[in-house]
Each structure stands twice: as C-alpha cells, then as structure tokens.
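The structure under discussion appears below in the form of structure tokens.
Numbering of residues begins at 1 and proceeds along the displayed sequence.
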Amino acid sequence: MAYADAAFYTGTYGGTIPADTALDTLLAQASDDIDNAVYGRIGALGGFNALTPFCQKQVQMAVCAQADHLQTTGGLSDLGSVNGYTIGDVTVRLSGAADLLLAPRAREYLTPTMLLFRGV
C-alpha cells in the first residue's frame, strides 16, 4: 500500500506527474523504495499510522519525491553509472550498481525523522 495517494501528490506535495501516467503505480513503487531505504522500520514501529503526524507527512513527501525521481529516470538510475561502453558486439560496463538510489529530495524529507539512522 502506498504511503501517499494521488490527492496528496497533487494537492499537498504539488507534484506535476500527469494522472494518466500510472501515478498510483509510481507511488506504490516509491513507497516500496522508501520502505527499503528505512530498513522496514515503518512496519516494525507498528505501521504508518503509528508514526507521529510529523513523520507521516515527511514519509509522504519522501514518497512523492521518489515518485518524481522514478518518473524522471525511469528507475534506471538504480543500475549504477556507465563505466565503459563498446559498440561492436555491444558491451556496457556499469560502475557498481547501488542497492537503492534514493532521490536526494526524498532523503532530505526522511533525514529529520531518524528513520534512515543505521546505528543501534
């Protein structure tokens, strides 16, 4: 289930992805990305509704920013950057794909929530 819906995306966040571009699918995928980025802590803390209102809004804003990122990159940024390329017999070398490339704005929204904290 997506943490943000189309109404939040267009109204509160002010997003510009047209509704006819499978916005709900992008928001669901972005929510999955956020769950992965926060190491499943939202579920471990009792789910989205158990978060404080501040954290809920920050997570929703992060989901919207990640959806924008996915729309812009097509999700291809998760493959890493091209390190080499050959035309004859087509060879492409990637420089270490990242586990997850979180949109910089999504990271900014999540940082004050401490959900990204990796320590104990």
Side-chain angles (χ1 to χ4, degrees):
M1 179 176 123
Y3 296 128
D5 58 13
F8 184 91
Y9 177 82
T10 56
T12 304
Y13 178 73
T16 58
I17 297 174
D20 62 348
T21 59
L23 179 57
D24 290 336
T25 302
L26 282 172
L27 291 170
Q29 185 178 357
S31 293
D32 289 344
D33 288 351
I34 298 303
D35 272 333
N36 288 331
V38 301
Y39 313 103
R41 286 193 181 106
I42 295 170
L45 293 171
F48 180 77
N49 292 329
L51 298 175
T52 66
F54 171 77
C55 286
Q56 287 179 1
K57 184 172 182 186
Q58 293 301 103
V59 167
Q60 288 176 307
M61 297 294 278
V63 165
C64 294
Q66 185 69 13
D68 281 347
H69 175 71
L70 292 172
Q71 174 69 14
T72 302
T73 65
L76 296 178
S77 64
D78 291 343
L79 297 175
S81 59
V82 175
N83 192 13
Y85 196 88
T86 307
I87 299 293
D89 291 327
V90 185
T91 304
V92 176
R93 287 181 298 284
L94 302 175
S95 64
D99 292 331
L100 170 70
L101 290 181
L102 195 59
R105 286 193 66 201
R107 183 172 303 282
E108 289 172 13
Y109 286 123
L110 291 174
T111 297
T113 67
M114 295 301 292
L115 291 169
L116 292 172
F117 182 66
R118 294 176 63 173
V120 289

Closest heavy-atom pair, Ala65 versus Ala106, reported as atoms and distance to 0.1 Å, is CB-N, 3.7 Å

So CD of Glu108 and CE of Met61: to nearest 0.5 Å the spacing works out to 11.0 Å

Quick note, side chain to side chain donor-acceptor pair (under 3.5 Å) partners involving residues 40-63, not counting sequence neighbours, are none

Original post:
Are Val59 and Val38 side-chain neighbours, meaning at least one heavy-atom pair lies under 4.5 Å?
Top reply: no

One should read off an interatomic distance between Leu45 CG and Leu115 CG, to the nearest 0.5 angstrom, of 7.0 Å

Decide side-chain contact (heavy atoms from CB on, under 4.5 Å) for Leu102 and Leu110; before the verdict, give the C-alpha distance in whole Å, the side-chain angles of both, and the deciding distance to 0.1 Å.
CA-CA 10 Å; Leu102 195 59; Leu110 291 174; 4.1 Å; yes

Smallest heavy-atom separation, Leu26 atom then Thr21 atom, equals CD1-O, 4.2 Å

Rounded to the nearest 0.5 Å, the CD1 atom of Ile34 sits from the CZ atom of Arg107 at a distance of 9.0 Å

Nearest heavy-atom contact between Leu27 and Ala67 is CD2-CB, 3.8 Å

**Study point:** hydrophobic_cluster_shared for Tyr109 and Tyr39, side chain cutoff 4.5 Å
**Key:** no

Enumerate donor-acceptor pairs with a distance under 3.5 Å from any side-chain N or O in residues 11-19 to protein atoms, sequence neighbours excluded.
unit_1 : atom_1 : unit_2 : atom_2 : d
Tyr13  : OH     : Asp68  : OD2    : 2.8
Tyr13  : OH     : Arg105 : NH1    : 3.4

query: Are side-chain heavy atoms of Met1 and Phe48 found at a separation under 4.5 Å?
result: no

Next on the checklist: In the structure I gave you, are the side-chain heavy atoms of Phe54 and Pro112 within less than 4.5 Å of one another anywhere?
Outcome noted: yes

Review point. Step by step, would you call Asp35 with Tyr3 a side-chain contact (heavy atoms from CB on, under 4.5 Å)?
Key: CA-CA 10 Å; Asp35 272 333; Tyr3 296 128; 2.6 Å; yes

All heavy atoms of Ser31 vs all of Ala2, minimum pair found to be OG-CA, 3.2 Å

Practice item. Start with the C-alpha gap between Leu70 and Asp33, add the side-chain angles, then the distance that decides, and say whether side-chain contact (heavy atoms from CB on, under 4.5 Å) holds. Key: CA-CA 10 Å; Leu70 292 172; Asp33 288 351; 3.8 Å; yes

